[in-house]
J.: 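Can you keep this structure in mind? I'll have questions shortly.
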Amino acid sequence: MDEARQHAMPGRWSGFSPITFILLVGTGALIISSMQSVSPTPRQLADGLPGMVSLVDRMLPPNTDPAFLKRIGLRIIETFQIALVGAAIGVLLSLPIGWLAARGITPLGRGGYLVKAVVSLLRTVPDLVWALLFVATVGLGAVAGTMTIVVDSVGFCGRFFAEAMEDSDKEPQEALSAIGANRLSILFGAILPDAAPSLINTSLFALEKAVRSSVVLGLVGAGGIGQELKVAFDLFQYKNASMIILAIFVIVLVMEYVTDRLRVSVQ
Amino acid sequence: MSELLEDIRVGIRTETAQDAFAGSAQGQGKPILSATDLRKTYDRATPVLKGIELTIREGERVALIGSNGSGKSTLLKCLIGLHPNSGGQITVMGHIFGRSPDATQRRSIRRATGFVFQKHCLVRRRTVLSNVVHGMLGTEGSWRGFSQTTAPQSWRAAALRALHEVNLGEFAERRADALSGGQQQRVAIARALVRQPKLLIADEPAASLDPVSGRDVMELFSRLCEEHGITLLFTSHDMAHACEFSDRVIALRNGRIFLDRPSADVTNRDLEETFNG
């Protein structure tokens, strides 16, 4: 018998430490206790089903009145404008912010951590909360929505831009540094070209995210088609609401298709 | 071992290269680079360079050889202020510094020095022409040099000339990563030469290439340095390259200069003692 066969058989659960086991049991207990508090019971589901059927019945068929469709069309354009302008400004602002936050690249040294912390703050606060803040400061309408998307995009892109720059190839940067290039030249000459695919991908995701966000911002008065949706539900105009939901579905679907195609072409 | 070294020195050395260096200016030009008692210690405990004394004169082509860990690359980087040294004094093109050059000296030294690294260090997603234009970064108005699109016309023209000199003019619009390793190293040479440096530093420029491409690159180096009167200092593990493409060989052993003599006078015994002693 060779030496390898003389080794003892490893235990089935040898990979589990007591701490891992306790954490798993604790997590399982937390999920089960939470389900008892907040998840729907089969009885609640059964009771709610007729209400849901009745709502769907009142939503169909969607309102296809030309005047209404024209109004919805204009709102969709406004929604798209909010998303596009907000994401574009957000992406542009995120480039210098990402540079300032990127570890090993930032000219601020340890100050880069402060920039990262600010970006984290922007990302942590939900977009609807930002929308409420901007509605309170600049008033109801699309401008508040655009400002919300800008902040949301900076929170999203700032982090991923910084990471893409941190992961960029270091050797060309060192070569340019040895030549005597300053930090800005290294940024434009070596870091951005190398990180470009990742930056473009992130920007496209930001645009996609902006479109999804911009359709709900209207719920708090920040412009776009969400405002029409809120009015439709508030006035029990369910056929209008179903048409708006359909329009939102189409706009999100089209945006995802376009950004997917763009991402493929960037690769 | 000695037979192998004999093959390297006699078999590979060509008449062309011999002729190219026949009229070299070894020991006759003005000093361009010198070090006095240069010391370098890493982590306050590991001495890498132990009192290096050397002078390199204008127009010389100097090969720096030695086994792994002998301090070749560290010496290169300390000599031009890329790494701070731990003691001694360095004079580069009239700039005298101790631990490291000040900002003005560093800028001036880097503007007059070309670098070629073991890995070509090109920006792979940029065009070949843009990569050569990068060689102008660090000069006046260099913010425009991050791409050939934004660079001044004179820089673009200089970059294209440099590409023609390395026989890659037709590849100017290709992406850098579409070229072979040997071609990329030639682009790196064009980038180093584009602003006509007085001194060219190359850290094992042929190490990442196959033998044929490596030889092409070294021949290119020697020809261009000869034509432009550039002082060349390069490290190499390849003894054939070191002896054939230099007119002076400096060997490092354990952080000290073990040998410093014209390449024509380097014997097999010298090489054996450098690597096996």
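Each chain gets a letter, A, B and so on, in the order the sequences are listed, and its residues count up from 1. The basis for the numbers below is simple: all heavy atoms, side chains too, and nothing from hydrogens, waters or symmetry mates. Every value quoted in this text rests on a predicted model; they were computed, and no experiment measured them.
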J.: Which value, rounded to the nearest 0.5 Å, describes the distance between B:R110 atom CZ and A:S177 atom OG?
T.: 5.0 Å
J.: Between CG of A:D194 and CZ of B:R124, what distance do you get to the nearest 0.5 Å?
T.: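 The CG atom of A:D194 sits 4.5 Å away from the CZ atom of B:R124.
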J.: Please check if the number of heavy atoms outside B:Q196 that lie under 6.0 Å from its CD is greater than 12.
T.: no
J.: Counting only heavy atoms from other residues, nucleotides and ligands, does the tally under 6.0 Å from NZ of B:K198 exceed 12?
T.: no
J.: Measure distances from A:L184 to the heavy atoms of chain B and classify the residue's part below 4.5 Å as side chain, backbone, both or neither.
T.: neither
J.: Taking atom CZ as the centre, does A:F21 end up with more than 12 heavy-atom neighbours from other residues, nucleotides or ligands that are less than 6.0 angstrom away?
T.: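 It does not: A:F21 CZ has 12 such atoms or fewer within range.
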J.: On a heavy-atom basis, which atom in A:P172 and which in B:L122 lie closest, and how many Å separate them?
T.: CG-O, 3.3 Å
J.: Go through the atoms of B:R191 and report whether side chain, backbone, both or neither lie under 4.5 Å from a heavy atom of chain A.
T.: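 For B:R191, the contact with chain A is made by the side chain alone.
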J.: Inspect the surroundings of CD1 in A:I19 and state if more than 12 heavy atoms from other residues, nucleotides or ligands are less than 6.0 Å away.
T.: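 It does not: A:I19 CD1 has 12 such atoms or fewer within range.
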J.: Please check if the number of heavy atoms outside B:E173 that lie under 6.0 Å from its CD is greater than 12.
T.: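 No, not enclosed.
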J.: When rounded to the nearest 0.5 angstrom, what distance separates SG in B:C121 from CG in A:D169?
T.: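 Going from SG on B:C121 over to CG on A:D169, the span is 8.0 Å.
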